[in-house]
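Atoms considered below: every heavy atom in the structure, side chains included; atoms not considered: hydrogens, waters and symmetry mates. Per chain, numbering begins at 1; letters A, B, ... match sequence-line order.
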Number of protein chains: 2
Amino acid sequence: MQDDPVTQHVHDAARRARTASRQLATATRHTKDAALLAAADALVEATGSILEANRVDVDRARAAGTPENVLDRLRLDADRVAAFADGVRDVAGLPDPVGEVVRGSVLPNGLRLQQVRVPMGVIGMIYEGRPNVTADAAAICLKAGSAVLLRGSSSAARSNRAIVDVMAGAIAGCGLPSDLVQLLPSEDRASATALMRARGLVDLVIPRGGAGLIRTVVQESTVPVIETGTGNCHVYVDADADLDMAEAIVLNSKTHRTSVCNAAESLLVHADVAETFVPRIVAALVARGVTIHGDATFRAADPSVVAVTEEDHATEYLDLDISAAVVGSVDEAIEHVRTYSSGHTEAIVTSSMATARRFTLGVDSAAVMVNASTRFTDGGEFGFGAEIGISTQKLHARGPMGLTEMTTTTYLVEGDGQIR
Amino acid sequence: MQDDPVTQHVHDAARRARTASRQLATATRHTKDAALLAAADALVEATGSILEANRVDVDRARAAGTPENVLDRLRLDADRVAAFADGVRDVAGLPDPVGEVVRGSVLPNGLRLQQVRVPMGVIGMIYEGRPNVTADAAAICLKAGSAVLLRGSSSAARSNRAIVDVMAGAIAGCGLPSDLVQLLPSEDRASATALMRARGLVDLVIPRGGAGLIRTVVQESTVPVIETGTGNCHVYVDADADLDMAEAIVLNSKTHRTSVCNAAESLLVHADVAETFVPRIVAALVARGVTIHGDATFRAADPSVVAVTEEDHATEYLDLDISAAVVGSVDEAIEHVRTYSSGHTEAIVTSSMATARRFTLGVDSAAVMVNASTRFTDGGEFGFGAEIGISTQKLHARGPMGLTEMTTTTYLVEGDGQIR
């Protein structure tokens with residue numbers, strides 16, 4: 001391993017990141033915010049060169065036969081650059097999580113105990129697609145006091161390089177080390193593998209992308225990982241649902257934006273309201289171009305409904321598709337969700353307090369919506385101001401992750417000679 | 001994998017644990033505490049059969065040539081059984097972490113957002129040695145609302161079996177499922193490997209034992225892990241130290257109990273006080289039977305001091321040994337700690353506020369003591385009431401872990417039809 005040049009490169013970058021992070025750990029909020037605002041200004045100023053780099057990425061991706069919807073995610077324009085520069089400014093405006101006293105007390109022997117929030121140290125991000133993640137992640141990690149190693153996709157390599165160079169330059173201009181934000185090579189998988197194996201050099205790896213990427217990182221990483229973003233989200237329409245509300249929530253959850261992890265992928269309807277609600281929601285979904293993968297009741301409602309398979313129930317479509325089934329009870333709905341859900345977000349539509357409580361206690365997901373769209377599971381919507389991803393694991397962070405989740409804590413104990 | 005009978009056994013146990021955990025997740029504190037108190041009573045009542053099982057374990061271990069100090073950790077007597085039964089009672093007396101509202105607010109659109117503490121689900125423990133860990137871990141996991149899969153060492157197999165049978169029986173007698181506390185086979189490594197690979201079936205694995213065990217789990221586990229307990233703890237005696245206090249803290253940190261992770265393994269002394277303090281602390285340590293692995297200054301103080309090596313600096317002796325060196329500044333001490341520490345606990349003895357602050361911000365460990373013994377990093381000493389281990393990683397939990405650290409959270413969002 002030591003002789004492999006890519007691994008060596010990643011380890012060197014991680015060591016420089018560690019050194020840089022130590023300077024950042026003791027920087028004041030004032031210094032960090034100044035660096036972020038300078039980086040935002042520099043991004044806007046460098047729009048021309050960022051777009052030029054992006055054009056090369058897009059042209060190469062198009063020549064390689066990349067489909068238009070993927071090209072669209074890769075493509076930047078002046079508005080998009082301005083938007084992520086604004087995102088960097090927003091992070092500057094958020095409170096500093098570092099130094100927060102999480103708990104504190106005086107122990108019986110007089111020791112003064114404080115649990116204090118401190119930076120993580122060095123964070124690795126392995127991500128696909130959109131170059132805006134580069135700016136977002138750099139800003140959030142910097143504000144949280146950590147250095148970041150960014151391993152984006154090779155298709156966005158030039159765009160990411162342009163963004164990182166601009167931000168690192170602006171940060172250095174404010175007296176902080178430019179090694180706080182580093183882009184790793186992305187030509188092959190070796191750099192990603194080296195990053196996730198750099199235990200001791202890197203404190204945390206966050207994969208952000210498709211299910212395949214996340215599975216690979218989870219399986220191969222020896223650095224602690226926070227799994228993000230796979231969302232096989234369910235909407236359950238209960239016997240006691242307001243059916244107008246149910247229709248609005250199903251449509252919004254499914255069709256408001258289909259390519260995101262908090263979009264609904266599965267619909268469950270209580271048998272007692274199926275006769276009324278199924279034909280109605282099928283018509284509404286079909287009218288919006290949704291392909292329904294349904295059970296017999298759903299298929300009876302419209303000839304366009306295709307037969308649902310076991311695989312459909314487990315699928316995160318990220319498209320205008322939804323799996324659908326009638327269930328006999330809230331308990332059957334809970335069992336279905338527990339069997340197929342990725343643990344992201346589930347919604348129930350009901351006017352019954354008892355049923356709402358049974359559902360929220362029964363499922364095992366990062367967020368449960370009662371009478372609201374699944375689309376609300378989002379750091380911005382939750383008021384966190386910034387989001388680095390949505391954790392679908394139980395350890396450390398669950399649900400939308402903001403600045404706080406990018407920190408750890410330490411116990412500071414002050415005495416005057418206490419011994420045991 | 002599916003056909004291997006040990007893996008199959010572990011997966012079946014994990015599935016039963018999941019089912020049992022769902023019943024526990026909605027149990028009231030009253031029910032959980034009743035089960036814990038019944039388990040404590042049952043342990044005391046079954047002292048005879050537990051000691052009988054333990055005698056077989058001890059006899060076999062002795063026949064296998066196990067050294068006496070290890071046999072002592074394995075050996076139970078009526079007092080030790082009574083002590084861990086009392087530990088189980090103590091857990092019953094602690095507040096229930098489940099249901100705690102961590103944060104909550106009303107969003108601009110009227111959604112009521114709550115982040116609520118919920119059980120982890122299924123927790124795996126892989127541990128060595130002492131059978132009391134069995135009772136401790138079962139009690140803490142049950143109170144925190146999770147089922148536990150216990151994979152102890154084969155040397156304690158009969159003792160662990162007796163303890164688990166008694167506790168599971170008492171729990172079942174209180175109307176909770178006996179599958180909440182299950183012992184996995186320990187004849188070979190296969191069950192431990194199956195447990196750490198049971199991603200999706202097990203939510204968290206905690207290794208507790210020697211550095212080798214912990215390294216293996218960290219490397220091989222696909223289930224999220226909390227690393228515990230390796231403690232290469234340092235005491236740094238600053239130029240501005242009260243030398244009486246420093247002597248007391250060094251002696252207590254090193255010799256109060258040597259086999260524990262919060263014992264000091266390394267001593268650093270500022271050059272300005274070395275002339276006075278080194279001969280004094282060397283004499284005091286040698287008088288208590290400590291072997292000092294020291295640099296030239298320490299070797300000059302006493303002929304019994306042996307030359308320190310790079311490896312010594314990195315060693316957790318867990319015995320009457322200490323590595324020792326003189327440093328030129330607090331920054332040099334910080335560098336030394338950062339290079340060799342396992343990130344558990346460091347102590348500084350100083351009367352200078354500026355130096356104390358520099359040290360606490362400079363090292364990167366779970367706990368930092370200012371003018372106190374390293375031995376205070378302990379769930380009991382910190383007032384947590386119970387401790388399942390001491391985390392030396394940064395993710396999820398850092399330092400002593402109590403009931404709170406054995407839970408996760410979920411976001412509950414209540415609306416009246418909100419859509420985006």
Side-chain angles (χ1 to χ4, degrees), chain A residues 22 25-26 105 107-108 111 113 115 118 120-121 199 203-204 218-219 222 224-226 242 244-245 248-249 251-253 256 356 360-362 364-373 375-377 381-383 393-396 398-400 408-420, chain B residues 22 25-26 105 107-108 111 113 115 118 120-121 199 203-204 218-219 222 224-226 242 244-245 248-249 251-253 256 356 360-362 364-373 375-377 381-383 393-396 398-400 408-420:
Chain A
R22 292 179 58 184
T26 54
S105 60
L107 304 181
L111 284 176
L113 175 73
Q115 184 182 18
V118 295
M120 196 67 79
R199 193 176 177 92
D203 296 298
L204 166 65
V218 162
Q219 293 284 343
T222 56
V225 172
I226 300 180
D242 172 329
D244 291 338
M245 187 194 290
I249 287 173
L251 291 179
N252 186 258
S253 299
H256 179 252
T360 51
L361 287 176
D364 189 24
S365 297
V368 188
M369 303 285 158
V370 178
N371 297 327
S373 169
R375 290 278 291 122
F376 286 110
T377 303
E381 292 293 326
F382 278 9
Q393 73 178 31
K394 294 181 181 175
L395 218 63
H396 186 72
R398 201 176 188 206
T408 182
T409 62
T410 192
Y411 286 101
L412 300 184
V413 186
E414 257 183 62
D416 30 38
Q418 281 84 345
I419 59 171
R420 282 180 75 178
Chain B
R22 291 179 58 184
T26 56
S105 60
L107 304 181
L111 285 176
L113 174 73
Q115 185 182 18
V118 295
M120 196 67 80
R199 193 176 178 92
D203 297 297
L204 167 64
V218 162
Q219 293 282 344
T222 56
V225 171
I226 300 181
D242 172 329
D244 291 337
M245 187 194 290
I249 287 174
L251 291 179
N252 186 259
S253 299
H256 179 252
T360 53
L361 287 176
D364 189 23
S365 297
V368 188
M369 304 285 159
V370 177
N371 297 328
S373 170
R375 291 277 292 121
F376 286 110
T377 303
E381 293 292 326
F382 278 8
Q393 73 179 31
K394 293 180 182 175
L395 217 63
H396 186 74
R398 200 176 188 206
T408 181
T409 62
T410 191
Y411 286 100
L412 300 184
V413 186
E414 258 184 61
D416 30 37
Q418 280 85 344
I419 58 172
R420 284 180 74 177

Using non-hydrogen atoms only, which part of B:T377 is less than 4.5 Å away from chain A: side chain, backbone, both, or neither?
neither
Pick from B:G417, B:A372, B:P224, B:S373: which one has the most heavy-atom pairs with chain A under 4.5 Å?
B:G417
Let me see the working for B:L113 and A:F376 under side-chain contact (heavy atoms from CB on, under 4.5 Å), right down to the final yes or no.
CA-CA 10 Å; B:L113 174 73; A:F376 286 110; over 6 Å; no
May I ask you to name which of A:I249, A:D203, A:T408 has the most heavy-atom pairs under 4.5 Å with chain B?
A:T408
Hey, which of A:L251, A:I226, A:T26, A:D416 has the most heavy atom pairs under 4.5 Å with chain B?
A:D416
Quick one: of B:G415, B:S253, B:G121, B:A248, who has the most non-hydrogen atom pairs under 4.5 Å with chain A?
B:G415
Counting only non-hydrogen atoms closer than 4.5 Å, does B:A366 touch chain A with its backbone (N, CA, C, O), its side chain (CB onward), both, or neither?
backbone
Can you tell me which portion of B:V118 sits under 4.5 Å from chain A's heavy atoms? Options are side chain, backbone, both or neither.
side chain
Check against salt bridge (Lys or Arg N to Asp or Glu O under 4.0 Å), B:K394 and B:D364
CA-CA 10 Å; B:K394 293 180 182 175; B:D364 189 23; 2.8 Å; yes
Which portion of B:R375 sits near chain A, non-hydrogen atoms under 4.5 angstrom
both
Is chain A contacted by the side chain of B:I419, its backbone, both, or neither, given a heavy-atom distance below 4.5 Å?
both
Between B:H256, B:R398, B:H396, the one whose heavy-atom pairs under 4.5 Å with chain A are most numerous
B:H396
Could you tell me which portion of B:L204 (side chain, backbone, both or neither) has an atom closer than 4.5 angstrom to a non-hydrogen atom of chain A?
side chain
Most heavy-atom pairs under 4.5 angstrom with chain A, which of B:R199, B:R22, B:M245, B:R420?
B:R420
For chain A, which candidate among B:V225, B:D244, B:N252, B:V370 shows the most heavy-atom pairs at distances under 4.5 Å?
B:N252
Okay, B:P400 and chain A: the region with an atom under 4.5 Å from a heavy atom over there is both
Can you tell me which portion of B:L107 sits under 4.5 Å from chain A's heavy atoms? Options are side chain, backbone, both or neither.
side chain
Ranked by heavy-atom pairs below 4.5 Å to chain A, first place among B:L412, B:L395, B:T409 goes to B:L395
Using a cut-off of under 4.5 Å for heavy-atom pairs, which of A:T360, A:L111, A:L361 has the most such pairs with chain B?
A:L111
Contact winner vs chain B - A:D242, A:T222, A:V368, heavy-atom pairs under 4.5 Å
A:V368
Among A:M120, A:Q219, A:Q393, which residue has the highest count of heavy-atom pairs closer than 4.5 Å to chain B?
A:M120
